[in-house]
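Here's the structure we're looking at; comments come further down.
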2 protein chains.
Amino acid sequence: MTDVVVIPRATISRLPVYFRVLMELSHMEVSLVSSDELAARSGVSSSQLRKDLSYFGEFGIRGAGYDVGFLLQKIREILGIHREWRLVIAGAGKLGTALARYSGFAQHGLEVAALFDIDPGKQGKMTGKIPVLPMEDLTGFVQEHDIQIGVITVPAQAAQGVADLMVRAGLKGIWNFAPVRIEVPDDVIVQYEDLVVGLLTLSHHLSRRMR
Amino acid sequence: MTDVVVIPRATISRLPVYFRVLMELSHMEVSLVSSDELAARSGVSSSQLRKDLSYFGEFGIRGAGYDVGFLLQKIREILGIHREWRLVIAGAGKLGTALARYSGFAQHGLEVAALFDIDPGKQGKMTGKIPVLPMEDLTGFVQEHDIQIGVITVPAQAAQGVADLMVRAGLKGIWNFAPVRIEVPDDVIVQYEDLVVGLLTLSHHLSRRMR
DNA sequence: TCCGGATTGTGAATTATTTCACATTCATTT
DNA sequence: AAATGAATGTGAAATAATTCACAATCCGGA
Ligand SMILES: NC(=O)c1ccc[n+]([C@@H]2O[C@H](COP(=O)([O-])OP(=O)(O)OC[C@H]3O[C@@H](n4cnc5c(N)ncnc54)[C@H](O)[C@@H]3O)[C@@H](O)[C@H]2O)c1
Ligand SMILES: NC(=O)c1ccc[n+]([C@@H]2O[C@H](COP(=O)([O-])OP(=O)(O)OC[C@H]3O[C@@H](n4cnc5c(N)ncnc54)[C@H](O)[C@@H]3O)[C@@H](O)[C@H]2O)c1
């Protein structure tokens, strides 16, 4: 029985924050940072930060701190963004086009290759440099352009159908913004992004506090 | 020492999911549902569901299940959406306008009253039924229209300034999409929405699985 | 080369969350 | 009115995540 190290979900979700802070430090020409400093800038405790990193290895220098460039590279590897990921977005509506045009993804090695939509009125147009294509072309496009991730920004009732299509096309990761659970085979990973949760969490806390 | 019941964060974030499933059941004219059924449709265990609800009271009927309409109303109250919340959005860019035009919020008693932007080229226009106003008008608008929540969809470097303005205007809740922490007084609640986290979580899992 | 100061890495303790399992309660039937 | 069956509500147990606290280690200076 070799014991598998299981990494807390919450640890993974903090890594992008550390990454961003390290990028800032790097731009500020800071080359060494302590866990105290990095943690404070990330909004967590320093023991939290050190424990998080310890799941993946030893990246610091005792008595000194962390080499910004080195840690940046390590986190890149952990998050899998040392390689490029290509995405397609299904649903060229309000949210889909906003995501497609977002410049922040490129900084993380994420490239939106195309948008797909069922509406002929949207097909053929360009969203910035990104083409909007008919849904029928999705499978071929994914295979030709070596796409790994599909983003779902269609209405809820269309989400399962789109997910099925993405699975058949061979996509192994789905980022789903539609407010429904979708069924996929075990070898496909679904990441849900439910924006209403954040707003209702705020609403809950506000109404508690105002009571 | 009266012991305060503390409600897990995760419980709050599941309530919107239960709410949505109950809405569906309600539309399907289902009037009674068991914790097994409701939990399965929400993607959680039934004991999880019952424990979550138990933090707020006893809403079910032993031996029978939950009255859909009654539970819906209770969750509405817990989430604070039995009353209307009015929001303003600062940053009428890609994401801000997508949010402003999203019809899903209205179903939860959330009304986007106006967008604000620093760019004179965007001011004066309408996004659907929602006006885009100059930043200078924010304070007056918030006070005149009894707004409670501010949404930040401006670039990261402008976020703190916008937050300061929102705090001065009297907003008590801020929903922040800019990828930076912001400093606010204790009586203001900030909910962070970091979309990159979701995508990088997916990237991490994908690259682990492919290794 | 050794010493002092600093900061990491990590077991252990604590705290938080989820799951278990069953006593309790309710609706229905006889 | 009592018996039956079903599903909730909830302490207790099990897991999971965070914080503590300090031994281990490294850097730089003497
Ligand atoms: N806009 C937001 O701010 C927001 C916020 C939270 C959640 N969401 C969710 O994101 C999704 C998209 O929202 P939106 O506001 O962009 O909607 P939208 O109506 O603007 O866009 C949806 C697009 O999907 C296309 N479409 C419909 N069925 C399709 C299908 N079967 N295959 C391919 N394309 C199809 C439509 O033609 C349209 O272009 C929805 O599920 C919504 O609930 C949106
Ligand atoms: N678009 C996305 O999909 C996406 C995804 C994740 C995060 N975000 C974050 O959301 C924010 C907005 O992104 P976007 O893509 O909509 O950008 P955008 O450039 O399309 O829009 C930003 C808007 O803010 C306005 N603005 C700039 N400074 C301002 C100020 N001081 N006061 C008021 N308005 C100001 C600009 O005029 C512009 O209209 C950014 O912080 C971005 O990192 C966006």
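Throughout, protein chains are lettered first and strands after them, A, B, ... in sequence-line order, and every chain is numbered starting at 1. Since this is a predicted model, take the numbers as computed values, not measurements.
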Starting at atom [atom1] of [X], determine the distance to atom [atom2] of [N], rounded to an integer number of angstrom.
X: B/D36; N: D/dT8; atom1: CG; atom2: P; result: 7 Å
X: A/Y55; N: C/dG11; atom1: OH; atom2: P; result: 11 Å
X: A/E37; N: C/dT8; atom1: CD; atom2: P; result: 11 Å
X: A/Y18; N: C/dT8; atom1: OH; atom2: P; result: 13 Å
X: B/L38; N: D/dA7; atom1: CG; atom2: P; result: 14 Å
X: B/K51; N: D/dA14; atom1: NZ; atom2: P; result: 15 Å
X: A/E58; N: C/dT7; atom1: CD; atom2: P; result: 18 Å
X: A/D52; N: D/dT18; atom1: CG; atom2: C1'; result: 10 Å

Proximal nucleotide (of C/dA27, D/dT8, C/dT19) relative to the B/S34 side chain: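 The closest nucleotide is D/dT8.
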
Which nucleotide in C/dT17, D/dC20, C/dT19 has an atom nearest any side-chain atom of B/P8: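 The closest nucleotide is C/dT17.
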
Using only side-chain N and O atoms of [X], determine if any of them is under 4.0 Å from OP1 or OP2 of [N].
X: B/S54; N: D/dG9; result: no
X: A/Q48; N: D/dA17; result: no
X: B/R62; N: C/dC22; result: no
X: A/Y66; N: C/dG9; result: yes
X: A/S35; N: C/dT7; result: no

Side-chain (B/E193) to main-chain (B/Q191) donor-acceptor, under 3.5 angstrom: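 Flag not set: sc B/E193 to bb B/Q191 has no pair under 3.5 Å.
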
Main-chain N/O of B/Y66 paired with B/S34 side-chain donor or acceptor, under 3.5 Å: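 Not a single qualifying donor-acceptor pair exists.
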
Row check, B/Y192 ring normal vs B/R181 NZ/CZ: under 6.0 Å, within 45°: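 Because its charged atom sits under 6.0 Å from the ring centre and within 45° of the axis, B/R181 does stack over B/Y192.
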
Residue met sooner reading DNA chain D from 5', once B/R50 and A/A10 are mapped to nucleotides: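 Looking at the nearest nucleotide for each, B/R50 comes out on the 5' side.
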
Ion pair A/E24/A/R20, N-O distance below 4.0 Å: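 Answer for the salt bridge query: no.
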
Plane angle bin for A/F19 and A/H108 - parallel if under 30°, tilted between 30 and 60°, otherwise perpendicular: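 Taking A/F19 first and then A/H108, their aromatic rings sit tilted (interplane angle of 30° to 60°).
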
Sugar-phosphate only, base, or nothing, as touched by A/F56 at under 4.0 Å among non-hydrogen atoms: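 A/F56: no heavy atom of the nucleic acid under 4.0 Å.
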
